[in-house]
Amino acid sequence: MPFTLSPLPYDEDALEPVISARTVGFHYHKHHKTYVETLNKLVQGTRYAGMKLEEVVRATAGRDAAAEKKVFNNAGQVWNHDFYWRSLTPTKPRPAGKLKDAIEKDFGGVDTLIEKLSEFGKEQFGSGWAWLVSKAGKLSIEHTADAESPMAKGINCLLAVDVWEHAYYLDYQNERAKYLGAIAKLLNWEFAAENLAEEGHPIRAAAE
């Protein structure tokens, strides 16, 4: 199969008590895995089978044909989930270096950034994602619906927060705001710094 389920970067219970092992296991082994399996079935025998994951996402983004929409939805969700798992960490780092400087310049500080990220996550109607992105070195927050991502439009993503209900419902029920407030403790600023440093280079696979 051309696409595989990337391993989690930590144990399933590593994000507790913010995100339970039950939620991580259900999210990863049911939702994420199903997107990978479905994508492999959809691309079999097509030109997409020989592409990198992010290339498939960009090649199918915005296409009207039903078959390509299905490929995009599943490829997008695989990429988004790979990126989401790496956007979280149990080690609780703090922004440093160029990332810290950029955050202070564009948001005034990390607390304001987190507030804005949570706000955008809450404002996303229905299923979707909240993103910290960089455009020509300037940081901003975006939200996208369903399987969409700024990466699909060529924008450099630094962090992602999943606001589909399956990301938090077992732990927080319908309290998305509470989940967003708690998950801020797990944001992987080292991963964000790596992605900021990569701006201007070809998009990396999230699991590299």
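You'll find the ring centres of His166 and His29 outside the 6.0 Å limit.
A continuous path of ILVMFWY side-chain contacts below 4.5 Å connects Leu186 to Val163, so both sit in one hydrophobic cluster. One hydrophobic cluster, built from ILVMFWY side chains closer than 4.5 Å, holds both Leu5 and Val78. Ile19 and Tyr28 fall within the same hydrophobic cluster, defined by Ile, Leu, Val, Met, Phe, Trp and Tyr side-chain heavy atoms under 4.5 Å apart, directly or through other members. Both Ile155 and Trp131 belong to a common hydrophobic cluster when Ile, Leu, Val, Met, Phe, Trp and Tyr are linked at side-chain heavy-atom distances under 4.5 angstrom. Leu8 and Val161 end up in the same hydrophobic cluster when Ile, Leu, Val, Met, Phe, Trp and Tyr side chains are linked at under 4.5 Å.
His143 contributes atom NE2, which lies 14.5 Å from atom OG of Ser149 (distance to the nearest 0.5 angstrom). The line from CG of Leu187 to CD1 of Ile114 is 6.0 Å long, rounded to the nearest 0.5 Å. Residue Lys138 holds its NZ atom at 10.0 Å from OG of Ser134, rounded to the nearest 0.5 Å. Asp162 CG to Trp129 CH2: the interatomic distance, rounded to the nearest 0.5 Å, is 3.5 Å. To the nearest 0.5 Å, atom NZ of residue Lys185 and atom OG1 of residue Thr89 are 15.0 Å apart. Separation of atoms CG (Asp11) and CD (Glu16) is listed at 10.5 Å; rounding is to 0.5 Å.
Within the 3.5 Å criterion, the main-chain N or O of Met151 finds a donor-acceptor partner in the side chain of Arg58. Checked by atom type and distance alone, the side chain of Asn74 never pairs as donor or acceptor with a backbone atom of Val36 at under 3.5 Å. Here the side chain of Glu199 pairs a donor or acceptor atom with the backbone of Gly137 at under 3.5 angstrom. For the pair Trp79 (side chain) and Val57 (backbone), a donor-acceptor distance under 3.5 Å is absent. Looking at Asn188, its side chain does come within 3.5 Å of a backbone N or O of Phe191 through a donor-acceptor pair. Not one N or O on the side chain of Glu12 forms a donor-acceptor pair closer than 3.5 Å with the backbone of Arg22. Distance alone, capped at 3.5 Å, is enough to place a donor-acceptor pair between the Ser87 side chain and the Phe83 backbone. Proximity of a side-chain donor or acceptor of Asn40 to a complementary backbone N or O of Phe3 within less than 3.5 Å is detected.
Paired with His27 under the rule ring-ring contact (aromatic ring centres under 6.0 Å, His included), one option of Tyr35, Tyr169, Trp164, Tyr84 passes, and it is Tyr84.
Across every non-hydrogen atom of Arg176 and Gly121, the tightest pair is NH1-O, 2.9 Å. Taking both residues in full, the closest heavy atoms of Phe26 and His31 are given as CE2-NE2, 3.3 Å, listed atom of the first, atom of the second, then distance. Shown here for Asn195 and Cys157, the closest heavy-atom pair between the two residues is CB-O, 3.4 Å.
Under the 3.5 Å distance criterion, with hydrogens and angles disregarded, no donor-acceptor pair is assigned to the side chains of Tyr48 and Glu55. A side-chain donor from one of Asp171 and Thr23 sits under 3.5 Å from a side-chain acceptor of the other.
The closest side-chain heavy-atom distance from Leu39 to Leu53 is below 4.5 Å. Side chains of Lys178 and Tyr168 form no contact here, defined as non-hydrogen atoms less than 4.5 Å apart.
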Apply side-chain contact (heavy atoms from CB on, under 4.5 Å) to the pair Tyr172 and Val18, showing each step before the final yes or no. CA-CA 10 Å; Tyr172 298 92; Val18 177; 3.9 Å; yes
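Contact check on Glu142 versus Lys153 returns no salt bridge, with no Lys/Arg side-chain nitrogen under 4.0 Å from an Asp/Glu carboxylate oxygen.
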